[in-house]
Amino acid sequence: MDEASFHGKNHFVLYPNEENEAIFRRVVETGEPFSIIAKPFQFPDLPEWGVTYWDWTLYPIKDDQEVVEWLIFVLRDVTENKRAELALLQAKEQAEAANRVKGEFLASMSHEIRTPMNVVLGMSDVLLETDLDAEQRRLVQTMHRSGKALMRVISDVLDFSRIESGRFTLSAHPFSPRQVVEEIAVFMRMAAEEKGLTLPVDVDPGIPEAVLGDSGRVCQVLINLLGNAIKFTQQGQVSMRLTPHFQEPGTLLFSVADTGIGIATEHMDHIFRHFTQADSGITRRYGGTGLGLAISQKLVELMGGQIWVESQLGQGSIFFFTLPLRPVEASEPLENPVEQRTETPTRSLRILIAEDSPDNQLLFQIYLKNTSHHVVIVNDGVEAVARVREEPFDLVLTDIEMPNMDGYTATRAIRQWEQEEGRPPLVIVALTAHATSGKREESLAAGCDGHLTKPIKKQTFLDAIQRVAESTDKQDFLDVLRNVSIDTNN
Ligand code: ADP
């Protein structure tokens, strides 16, 4: 700007206005300097300059009596910098707006796909309950599986786009982080054990009993990480730890480690980007969309934490994330992290479960937690027979291999007692670990009414129980079981 235009002239004389006069008076009265950074100004006599920006300071110079005698007015033209900064800001806002539009488009598109897809899945489910020959069944099952895979992709896209478009809210309620970790382990252990992997869990005793946060989202991140760990590990173990984060007091440190394929150093920072996988061969070999980690990262960051990975190719990986979750008094009832849906059966059943594995006991407890069924869990066949003699049950679910007395022996003992006492036969269902037809025959021969193949999916399990609760006769229930067994086998 042209210095000559100002030379020897007083700004306040040149451009008198109320604001300037107020500042002038204030500096004279207080004796304190006054500054404004990048003050916008439009010269009335130079409209072609447009809005200009000035770093603007008024210094008082005082006499011996501390009275302001002079004012030094320093102006610095910062128009260029400010205009560049504004242009940058505008570009950023435009980019963010475009991103929001993209996110909203993805969100509504995924939603639109989900609705008809639900119908496709529901219909194929119904079709599977009809009489199909082996080939037809295989085709419908394949269709059902692909439909479910598509639904998972769509949920991921939906989550991701919701986060991107800023339409994502976190809830805050008291929950037990230990419970979250332990219950997720029970669920994920089924998938791990199917691949011959173990899934040990370690929760530090120093972890607060209850914290305030969004347990559902914490679960989602852990499930993503455990799902990946299981997917990318062929042998060894996947483990989960929860400890206080010693570098940052008040912060929890979660980690999921595996002994799987590992990640090359050069791929480590881009696997968190959306739709990105470590290398192009991954989709072919393992499937996936490359969205899981991007979503996990966004969720962790929204919750105020950080996520990172340490890995060695061929050795395994450890994913870490921190969450600053404030401890709270555990006086309020804690939110059940894994299952928040309430089932409302037609009638409450009295169910006896004979199962020696503490993990499976916990699993059944979680499955049945929000239902109105009355559940008794015993550890072996001896206890099961004793309980059946003591109190009435509508349904007995019995594991086959148990210490002291196995499930078949217990079933035979119960059947014999029923005959001797002239009682109507209880519905007894064997829980078998193997989906072979031999096991089914064996169960029936021992006097069971049917069998469920482990791992038993929650919905399958609850559906079967719901149908038992609704069924009026035993034949109806046996039909249910036939379909349940088919579903759990695939
Ligand atoms: P997806 O699993 O659907 O491909 P993710 O975002 O969850 O997407 O993971 C991105 C990529 O990061 C994966 O494709 C894989 O290359 C790599 N990755 C994630 N977890 C592991 C792991 N535990 N071991 C090895 N590689 C992993």
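Just so you know, these numbers use all the heavy atoms, side chains as well, and skip hydrogens, waters and symmetry mates. These numbers come from a predicted model, not from an experiment. When a ligand or atom number is given, it counts from 1 through the structure's own listing order.
Atom numbering of ligand 1 starts at 1 in the shown order; those under 4.0 Å from a heavy atom of Gly262 are 25 (C). Listed by atom number, the atoms of ligand 1 under 4.0 Å from Ala229 heavy atoms are 23 (N). Below 4.0 Å from some heavy atom of Leu291 lie the following atoms of ligand 1, by number and element: 6 (O), 8 (O).
At a heavy-atom cutoff of 4.0 Å, ligand 1 is contacted by the side chain of Lys231 but not by its backbone. The parts of Leu293 lying near ligand 1 are both backbone and side chain, judged by heavy-atom distances below 4.0 Å. The residue Leu225 has no part lying near ligand 1, judged by heavy-atom distances below 4.0 Å. Only the side chain of Phe319 comes within contact range of ligand 1, with a heavy atom under 4.0 Å; no backbone atom does.
Crowding of Arg83 atom CZ: a count of heavy atoms from other residues, nucleotides or ligands under 6.0 Å exceeding 12. Within 6.0 Å of the CZ atom in Arg178, the count of heavy atoms belonging to other residues, nucleotides or ligands exceeds 12.
Nearest heavy-atom pair, Met402 versus Asp380, reported as atom, atom and distance to 0.1 Å: SD-CA, 3.7 Å.
At a 4.0 Å cut-off, not a single heavy atom of Gly260 sits close enough to ligand 1 to count as contact.
Salt bridge absent: Lys298 and Glu301 never bring a charged side-chain N and a carboxylate O closer than 4.0 Å.
Applying the ring-ring contact (aromatic ring centres under 6.0 Å, His included) rule to Phe319 yields no partners; only residues at least two apart in sequence or on another chain are considered. Tyr53 pairs by the ring-ring contact (aromatic ring centres under 6.0 Å, His included) definition with nothing, not counting sequence neighbours.
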